[in-house]
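Every value quoted in this text rests on a predicted model; they were computed, and no experiment measured them. Just so it is clear: chains get the letters A, B, ... in the order the sequence lines come, proteins before strands, and each one is counted from 1.
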Amino acid sequence: MRMIATIATLALSLGTAAATWAADKADNNSKPVTSAEITGSVPAQINVSNANVFNRLLKKDKERNSAPPTDGIHDADNEGTHQLQPPKVAYEGFPTTEFGNYIDWVKSLNGGNINPRYDREDPSVEPIVMDLDILREVKASMPDVIFPHKPHTQWLHCSNCHPKIFKPQRGSNQINMSQILLGQKCGVCHGKVSFPITTKSCTKCHSKPKPAEWKPPLSDASVKNPWR
Amino acid sequence: MWRYAIFGLVGWVSALLISIPAQAEYADVVINNYADAAGMRPVVFPHWYHRVRFRCKVCHADLGFQFKAGGNKITMAKIVDGQFCGACHNGEISWSVENCGMCHSGVPGTATQIHGSTVQRLVAPTYEALSDKKKAQ
């Protein structure tokens, strides 16, 4: 019994060592030049336990727009995989962003980098574009949301959203970020295909700053607090 | 007893290998409703490639594709019949169905998913995933 435990511990520590080594190796590839490296001074060796490393739960930076044979979900042993166009080739000259495909698709469309068809067969069909901004006031301190119909109708048809996902009536759609993150409401597309929800993309929707005199509403617990 | 040690090592090594994130393009859809069971590689649908050429409306309004990975229950019979992918992949608008490996190009055993989705990027499991686990128990 003790032997099993010893062997298990050994295997565990071996595995941990390998994991640390792999993580270090991965870090070295993407690490920017530190001041110590510039000045040539030797940084003090800091021994932090593996449990307390920085960015413990963050996924490692991945290579952007990698070609199908190396992207991890295409099978490199499959002949057809090598026929597929690598995204970088297609994205040449496109305006970029910091999330999703790292491409600003709306700018690409308006700037003429792409001219996707609105009809399956006829390239000359023009989309029915509606230019109507909807202001959605946000209870908390985040800037208010302006929903622009224009870029949406350039890509989509009214029936894609109305009335199944959004009732086409002012004030009848309750939306919160939890729903969106779980793939409902805006999250039916945003976070899957159209630009995702990251810290870098908040202001794309939350774009109208609150007025200067705006103060966050006090919570009930504050208002009803007799000791306040 | 060595078996346990080997299991431990294999477990760690596979955990390391599996944790390497796939670098596929945002919004690549893996469709594996029936492919694995039929002995084919799962389908990888590149959204980016198609949105360069078509607006969302063409597939999601005209052709009736649901906004859900694997939610369309596409079969080859439907495609040959001119539904779903078959509306364009018919040798007229785009290349035809005899190029099996161009669509069926995923790593075998990959689950149906929309790659790089926000739900995939969440650090903690979502409510849905938790309830699934509970169902399994």
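Among the candidates A:I180, A:L156, A:L84, A:T198, the residue making the largest number of heavy-atom pairs closer than 4.5 Å to chain B is A:L156. In terms of non-hydrogen atom pairs under 4.5 Å with chain A, the most contact-rich of B:L63, B:I114, B:V52 is B:V52. With chain B as partner, the option from A:A90, A:P127, A:A67 having the largest number of non-hydrogen pairs under 4.5 angstrom is A:P127. Interface remark: of the candidates A:C189, A:P196, A:S178, A:S66, A:P196 forms the most heavy-atom pairs closer than 4.5 Å to chain B. Ranked by heavy-atom pairs under 4.5 Å with chain A, the first of B:A24, B:C59, B:A61 is B:A24. Note: B:S105 leads B:S117, B:A69, B:S105, B:G101 in heavy-atom pairs under 4.5 Å with chain A. Of the listed residues (B:E92, B:R55, B:K68, B:R121), the greatest number of heavy-atom pairs within a distance under 4.5 Å of chain A belongs to B:R55. Interface summary for chain B: among A:N160, A:I197, A:I114, the most heavy-atom pairs under 4.5 angstrom belong to A:N160. Residue with the most contacts toward chain B among A:D77, A:L57, A:N65, A:T81: A:N65 (heavy-atom pairs, distance under 4.5 Å). Per-residue heavy-atom pair counts under 4.5 Å with chain A were compared for B:V29, B:T110, B:V44, and the maximum is reached by B:V44. Contact tally against chain B (heavy-atom pairs below 4.5 Å) for A:E63, A:R64, A:H82, A:E121: the top residue is A:E63.
Proximity of A:W155 to A:V106: side-chain heavy atoms (C-beta onward) are separated by under 4.5 Å at one or more points. Taking the side chain as every heavy atom from C-beta outward, B:M76 and B:V97 approach each other to under 4.5 Å. Annotation: side chain of A:N110 is in contact with side chain of A:Q154 (closest heavy-atom distance under 4.5 Å). Residues A:K185 and A:F166 meet the side-chain proximity criterion, which asks for heavy atoms closer than 4.5 Å. Residues B:I74 and B:N33 form no side-chain contact, since every pair of their non-hydrogen atoms from C-beta on lies 4.5 Å or further apart. Using a 4.5 Å heavy-atom threshold, the side chains of B:W95 and B:H89 count as touching. The side-chain heavy atoms of A:D71 and B:H115, taken from C-beta on, include no pair separated by under 4.5 Å.
No more than 12 heavy atoms of other residues, nucleotides or ligands lie within 6.0 Å of CD in A:Q174, so this atom counts as exposed by the packing criterion. Annotation: B:K78, atom NZ; neighbour count of heavy atoms from other residues, nucleotides and ligands within 6.0 Å is above 12. Remark: A:Q179 CD is packed, more than 12 non-hydrogen atoms of other residues, nucleotides or ligands lying under 6.0 Å away.
Neither the backbone nor the side chain of A:N113 comes within contact range of chain B; no heavy atom of the residue lies under 4.5 Å from a heavy atom of that chain. Heavy atoms closer than 4.5 Å to chain B are found nowhere in A:P69, neither backbone nor side chain. For chain B, the nearby part of A:L109 is the side chain; its heavy atoms alone come within less than 4.5 Å. Contact annotation for A:S159: only side-chain heavy atoms (C-beta onward) come within less than 4.5 Å of a heavy atom of chain B. Of the two parts of A:Q85, the backbone and the side chain both hold a non-hydrogen atom closer than 4.5 Å to a non-hydrogen atom of chain B. Neither the backbone nor the side chain of A:K88 comes within less than 4.5 Å of any heavy atom in chain B. With a 4.5 angstrom heavy-atom cutoff, A:I165 touches chain B only via side-chain atoms. Contact annotation for A:Y91: only side-chain heavy atoms (C-beta onward) come within less than 4.5 Å of a heavy atom of chain B. Of the atoms belonging to A:T70, it is backbone heavy atoms, and not side-chain ones, that fall under 4.5 Å from chain B.
Side-chain N or O atoms of B:K57 include one that pairs as donor or acceptor with a backbone N or O of A:Y118 at under 3.5 Å.
With a 6.0 Å cutoff to the six-membered ring centre and a 45° limit on the axis angle, A:K204 counts as a cation-pi contact of A:F195.
The two residues A:N78 and B:H104 make their nearest non-hydrogen contact at ND2-O, 3.5 Å.
Using a 4.5 Å cut-off between non-hydrogen atoms, the part of residues 79-88 of chain B that approaches chain A consists of B:A87, B:C88.
Relative ring orientation between A:H190 and A:H152 is described as perpendicular, the plane-to-plane angle rising above 60° on a 0-90° scale split at 30° and 60°. Between A:H149 and A:H162, the ring planes are tilted. Angles from 30° to 60° get that label.
A salt bridge does not link A:R117 with A:D122: every distance from a Lys NZ or Arg NE/NH1/NH2 to an Asp or Glu carboxylate oxygen is 4.0 Å or more.
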